Amino acid sequence: MNKSTSQIVGRFAPSPSGRMHLGNAFSALIAWSSARSQGGRMVMRIEDLDPRTQDPQKARLVLDDLRWLGLDWDEGPYYQSERQNYYLDAIARLDDKGLTYPCFCTRSELHAASAPHASDGTYIYQGTCRHLNAQEIAEKSLQRPPAKRLVVPERSDPNGTFDYDDLGYGHQHEILADDCGDFLIRRSDGVIAYQLAVVVDDSLMGVNEVVRGHDLLASSARQSYIARLLGFEPPRYGHVPLLVAPDGRRLSKRDGDLDLGALRARGIRPEQVIGSLAHAIDLAEAGEELTATQFVERFSWEAIRMHVADVAVDDSFILGR
């Protein structure tokens, strides 16, 4: 049963694949500031579904980086790796509705197919395995374990159309059949898919405001769809611009791009980091230093809506030279 509350409840949901970089810090700062500016609460959740991210030391470093910035939380940390039963129960409920099916398509097969892709290059699944019969499923299962997909409504069905106002990027319109097709809720290796896990967790933890990078904007309709199927109320969404390298490449934890560990080792103070992030959206002057609390006092979603373009960062972003 999901918690019911009229209070804003936001969340941090980092994946411990490495030290936090500036882009992660920016999203976390906005999520925290949005909730705190409304007198809301924050939930901490470590998204370590993938066995490759189940590293307690890296998780501790992420938590330490957030505290160093001056960000706090009221509940958690929860670890997705310890919540498998909740996800399996949700999948069983979707199974009972007849809305799931096994999928044997490999990633290479999907990429090789001459089929439609969304504007961001995402493959739109064409339902290749949706109508396999029992014998075909049994035969294919001998060759490889299946993933599991969730059926989305046909294009003409209004239940598959989502219109909502994003806090950062304004009005959004998405038709699941056109923009993603039937999507994964469990991978072929048994790992629960991100789209399902975050819906279950946000709902059960009472999260009603989700703030994250705009690379996940297209996930909002899919997650709202799952939430409604499971009887949950979807949260409101707020997406923020990404911080990118000067060549336009997304910052990556694995590349060590301007991660907080490296900045801290160089003697950079949290006030410098927050001041630089505030300056990127015109909430501070160049070189001005701010604490997290001071940032909250200046924060507004209007500032994000005025600065939705990705922000290029390098050493000069923090050091001002």
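By convention here, the first residue in the shown sequence is residue 1. Bear in mind the structure is a predicted one, so any value in this text is a computation, not a measurement.
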| request: In plain terms, say whether R236 and D166 are close enough for a salt bridge, that is, a side-chain N and a carboxylate O under 4.0 Å apart. | output: no
| message | Taking atom OH as the centre, does Y169 end up with more than 12 heavy-atom neighbours from other residues, nucleotides or ligands that are less than 6.0 angstrom away? | response | yes
| message | Q195 vs Q223, test: side-chain hydrogen bond (donor to acceptor under 3.5 Å, both in side chains). Steps then yes/no. | response | CA-CA 6 Å; Q195 303 291 3; Q223 292 168 14; 2.8 Å; yes
| Where do S220 and Q172 land on the side-chain hydrogen bond (donor to acceptor under 3.5 Å, both in side chains) test, with the steps shown first? | CA-CA 10 Å; S220 303; Q172 303 296 313; over 6 Å; no
| task | Could you please spell out the steps behind the side-chain hydrogen bond (donor to acceptor under 3.5 Å, both in side chains) verdict for Q38 and E209? | result | CA-CA 11 Å; Q38 300 172 81; E209 182 177 278; 3.3 Å; yes
Quick one: side chains of residues 138-146, donor-acceptor pairs under 3.5 Å with protein atoms, not counting sequence neighbours, listed by atom name and distance.
unit_1	atom_1	unit_2	atom_2	d
E139	OE2	Q135	NE2	3.0
S141	OG	I137	O	2.7
R144	NH1	F104	O	3.0

| query | Within a reach of under 6.0 Å around CD of E302, are more than 12 heavy atoms found that belong to other residues, nucleotides or ligands? | reply | yes
| query | With a cut-off of 6.0 Å (strictly less than), are more than 12 heavy atoms of other residues, nucleotides or ligands near CZ of R155? | reply | no
| With a 4.5 Å heavy-atom cut-off, do Y78 and M44 have their side chains touching? | no
| said: I need the minimum non-hydrogen distance between G23 and H21, along with the two atoms involved. | reply: N-ND1, 3.0 Å
| Shortest non-hydrogen contact from L150 toward L94 | CD1-CD1, 4.1 Å
| query | If you measure from the Lys or Arg side-chain nitrogens to the Asp or Glu carboxylate oxygens, is any gap between D64 and R264 under 4.0 Å? | reply | yes
| request: State, to 0.1 Å, how close A309 and P241 come at their nearest heavy-atom pair, and which atoms those are. | output: O-CB, 3.4 Å
| said: Apply side-chain hydrogen bond (donor to acceptor under 3.5 Å, both in side chains) to residues Q57 and R60 and explain how you reach the verdict. | reply: CA-CA 5 Å; Q57 174 60 20; R60 284 193 291 271; 3.0 Å; yes
| In Å, rounded to the nearest 0.5 Å, how long is the span from OG1 of T161 to CD of E174? | 9.5 Å
| To the nearest 0.5 Å, what is the distance between CG (N24) and CG (L69)? | 10.5 Å
| request: Would you check, one step at a time, whether the test side chain to side chain contact (heavy atoms under 4.5 Å, CB included) holds for I30 with L277? | output: CA-CA 10 Å; I30 300 302; L277 295 173; over 6 Å; no
| said: Ignoring hydrogens, what is the shortest heavy-atom contact between I274 and A292? Give both atom names and the distance. | reply: CD1-N, 3.5 Å
| Is it the case that T53 and E47 place a side-chain donor and acceptor less than 3.5 Å from each other? | no
| message | I need the L196 CG to Y86 OH distance, nearest 0.5 Å. | response | 14.5 Å
| task | Considering only NZ, NE, NH1 and NH2 on the basic side and carboxylate oxygens on the acidic side, decide whether R187 and D50 come within less than 4.0 Å. | result | yes
| field | Exam field: side chain R149 to backbone I185, donor-acceptor pair closer than 3.5 Å | value | no
| Does the separation of the ring centres of H173 and F162 fall below 6.0 angstrom? | no
| Any ion pair linking R67 and D72 (charged N to carboxylate O, less than 4.0 Å)? | no
| task | Give, for atom CG of L29 and atom CZ of F299, the distance between the pair rounded to the nearest 0.5 Å. | result | 8.5 Å
| query | To the nearest 0.5 Å, how far apart are CE in M20 and CZ in F12? | reply | 8.0 Å
| Any donor-acceptor pair under 3.5 Å linking the side chain of R36 with the backbone of G40? | yes
| field | Pair D165-Y237, side-chain donor/acceptor within less than 3.5 Å | value | no
| field | side chain to side chain contact (heavy atoms under 4.5 Å, CB included) between V240 and I281, worked out | value | CA-CA 11 Å; V240 302; I281 53 174; over 6 Å; no
| query | Are D95 and K148 close enough for a salt bridge, meaning some N to O gap below 4.0 Å? | reply | yes
| request: Kindly determine whether R45 and D202 satisfy side chain to side chain contact (heavy atoms under 4.5 Å, CB included), including the steps that lead there. | output: CA-CA 9 Å; R45 182 172 74 236; D202 286 341; 2.9 Å; yes
| query | Which heavy-atom pair separates V210 from P235 by the least distance, and what is that distance? | reply | CG2-CG, 3.7 Å
| task | Please name the pair of heavy atoms, one in A312 and one in P246, separated by the smallest distance, quoted to 0.1 Å. | result | CB-CA, 4.3 Å
| message | Working to the nearest 0.5 angstrom, can you tell me the gap between M205 CE and R11 CZ? | response | 9.5 Å
| said: In the structure I gave you, are the side-chain heavy atoms of D178 and I124 within less than 4.5 Å of one another anywhere? | reply: no
| Do the side chain of D65 and the main chain of L260 share a donor and acceptor less than 3.5 angstrom apart? | no
| query | Does some side-chain heavy atom of V244 sit less than 4.5 Å from a side-chain heavy atom of V311? | reply | no
| message | So does V152 get a backbone contact from the side chain of D182, meaning a donor-acceptor N/O pair under 3.5 Å? | response | yes
| query | Do R298 and S37 meet the criterion of a side-chain donor-acceptor pair at a distance under 3.5 Å? | reply | no
| Between the side chains of Y225 and N159, does any donor sit under 3.5 Å from an acceptor? | no
| Salt bridge or not for R130 and E154, using N-O below 4.0 Å? | yes
| task | Decide yes or no for T293 and E297: does some side-chain heavy atom of the first lie under 4.5 Å from some side-chain heavy atom of the second? | result | yes
